[in-house]
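In what follows, chains carry the letters A, B, and so on, assigned in the order in which the sequence lines appear, proteins first and then strands, with residues in each chain numbered from 1. Predicted model, so just to flag it, every value in this text is computed and none were measured.
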Amino acid sequence: MKKIEEVLNEEKRRLADMAPPPDFEARMRSALDAKPSIKQKRRNPYVIMAAVGVLCFMLIGYNYNALAFYGKKIFGYEEIMTGTMKDLNDKGMGQIIDKKTTLSDGTELIIDGIMTDPNQLVMYYTLFNPQGLEDSLDYAFIGDEITGFLTNAHSGGSMSKVNDAGTEIKGTMYFDPVSPFSKKLTLHFWQGEEHREGSITFPYDPNKAMQTQIKQSIKETVKVDKGSVTFKTITATPTLTVIEGKMDVDNFNRLHFGFEGVKLMANGQSIDNMGYGVQSTFNGSKFDLRFDGLPEELHSLELVFNEFVGYQKLSEQIPLGNNTHHDLEGKDLWIKSVVPTERGIEITIETDWNLLLDGVSIQSGDKVTPLKTTIGQRLDRNTDKFTSERTMVFDTKSMPEDLLIEGFHYVKNYNHKIEIPVD
Amino acid sequence: MNVVRLVKKAKRGSKDALLELIMAEKDAMYRLALTYMKNEHDAMDVLEEMIVRLYESIGQLKKEEAFYSWSKTILVNLCKTTLRKQKKVVLIDNWLSSKEEEQVESAESNGQQLEIAEMLSILNANQKEAIQLKYLLDLDYQSIADLTNVPVGTVKSRVFQGLRKMKEHFGGEGIEKDRGSVE
């Protein structure tokens with residue numbers, strides 16, 4: 001027998017010769033394309049501006065009186081503050097910073113103020129350039145992280161609004177919380193097209209940070225079709241309410257739906273959803289759901305688990321024909337066309353946009369061919385709902401008679417409520 | 001290629017940037033997946049799942065420069081989860097990739113892979129993983145520790161114990177067979 005090392009070495013050489021299949025890139029791309037584009041926490045500036053426009057209209061409309069009053073509040077940001085942040089600012093909960101630096105393209109960056117609590121740091125900044133600012137902030141200034149003593153806070157998201165002349169941007173940026181032991185903080189950012197690093201340091205007074213209002217465990221588990229979701233803790237600070245938990249749900253990623261169907265109700269009113277994050281761990285995933293700050297007078301708090309990804313098992317055998325409609329346990333499936341191409345057999349279908357078939361194959365006589373890939377997903381708006389049209393490709397030449405489906409992933413109503421006791 | 005810049009773009013939702021990052025390391029990623037999954041089909045399935053997972057969670061990646069170690073860790077975890085789900089006994093026949101069978105000198109390769117499969121079969125799962133990553137993919141101890149989420153010392157000991165076990169079992173380098181020893 002050969003020496004162990006020799007055998008291992010030979011195997012290593014064999015493996016080193018193995019190249020990825022020629023369709024590697026195509027498969028990676030189609031896997032990605034099958035996913036709808038993710039709304040990252042850093043939102044599209046155009047959407048923001050539209051949203052800010054509406055928000056600004058509403059805020060000024062509703063709060064005209066309040067705007068006349070200001071004490072120690074950070075001034076000039078009313079238009080891009082959400083309700084809670086604005087209330088806090090009106091009460092003078094922020095810290096005025098007023099530090100300046102100049103970016104590589106000559107734009108002036110001013111840190112006007114910050115607001116901190118144990119859930120996050122919110123920064124208020126201004127970008128000013130009399131020559132006019134870049135159309136896309138991505139090429140001028142991107143906040144990256146804030147460092148300080150025991151502090152390394154990463155940026156979460158931002159909102160900004162440009163003035164009519166295009167010379168000034170007022171914006172807020174959201175960061176992880178900073179340590180109460182920091183006396184000085186440094187903002188690190190990227191500037192210019194080359195994304196060169198830059199930084200600005202400013203003083204911080206931890207005594208002015210706002211305190212946690214509620215921190216308690218929830219420890220409730222909701223069983224879903226393909227696993228379970230456990231809500232562990234809730235931490236409410238004046239600016240933000242964070243619910244953390246973990247889950248082990250096999251098909252969570254099959255739909256782009258996430259936690260949109262989970263709501264937080266305070267005093268019977270829904271609290272604005274500020275986003276959620278999911279992080280894979282070895283045995284499942286950790287998640288955090290972020291909601292706006294809670295009302296000061298709190299009588300009841302309830303987590304409503306309305307909709308979440310579900311799975312419906314099927315054993316359907318559907319005779320194939322062009323332009324036919326089928327009912328899958330109450331869900332619509334339209335088969336638009338079945339055509340042979342050089343790729344194989346292509347079947348174009350349409351369903352609700354948040355429905356994903358599982359275990360699909362086609363049958364021709366005794367021969368069963370599993371789905372190879374799905375291409376060309378297109379979202380459509382039909383009267384009252386979104387639908388998704390896509391083409392399934394099967395690697396066979398023989399015209400199929402039937403379509404076999406083992407099940408589907410969909411948005412299911414769970415309607416589960418979790419009461420969180422408040423004192 | 002500027003990894004940090006591409007990661008930032010991917011974080012802002014650019015699929016092309018993520019794809020470019022993956023394509024730059026496609027050989028390494030493919031071989032890593034192949035080491036666990038044993039055949040091209042399963043390896044590609046896991047890689048597809050990986051890129052989707054990366055796309056969805058890249059916002060959580062704090063250090064851009066750690067993109068590759070982060071993504072490979074996710075790949076390894078996905079491989080393990082998939083294997084667990086399949087509860088798949090890796091038969092020696094399945095060890096061969098479909099490609100390999102088409103090769104002319106397959107007879108000789110078969111023999112060699114039988115040999116290595118047999119050698120590795122006496123190890124426990126952790127030792128086998130460590131030996132494969134170290135000797136077949138030529139990774140250093142630190143990278144293996146990162147991928148498998150254990151301290152470097154543990155990796156070294158797994159590799160050492162694994163090698164010793166194989167040598168005791170199959171002879172080779174003159175270590176006396178000592179079946180009485182407790183491991």
Report yes or no: is the cationic atom of A:K226 (NZ for Lys, CZ for Arg) under 6.0 Å from the centre of the six-membered ring of A:Y311, at an angle within 45° of the ring normal?
yes

Report the option among A:M28, A:R29, A:R27, A:H154 that has the most heavy-atom pairs separated by less than 4.5 Å from atoms of chain B.
A:R27

Quickly, which of B:K80, B:R158, B:K134 forms a side-chain hydrogen bond (donor to acceptor under 3.5 Å, both in side chains) with B:E129? Name it, please.
B:K80

Donor-acceptor pair, side chain of B:K15 and main chain of A:L32, under 3.5 angstrom
yes

Can we call the ring centroids of A:F252 and A:F259 under 6.0 Å apart?
yes

Is A:Q191 reaching over with its side chain to a backbone N or O of A:S104, donor-acceptor style, under 3.5 angstrom?
yes

For A:D250, is it the side chain, the backbone, both or neither that has a heavy atom under 4.5 Å from a heavy atom of chain B?
side chain

Counting heavy-atom pairs under 4.5 angstrom with chain A, the leader among B:M50, B:M44, B:E64 is B:M44

Student check: side-chain heavy atoms of B:L47 and B:I22 closer than 4.5 Å
no

Turns out that what part of B:L163 lies under 4.5 Å from chain A's heavy atoms comes down to side chain

Relative to chain A, which segment of B:D16 carries a heavy atom at a distance below 4.5 Å: side chain, backbone, both, or neither?
side chain

When the 4.5 angstrom heavy-atom criterion is applied to B:V76 and chain A, the contacting part is neither

Measure distances from B:L61 to the heavy atoms of chain A and classify the residue's part below 4.5 Å as side chain, backbone, both or neither.
neither

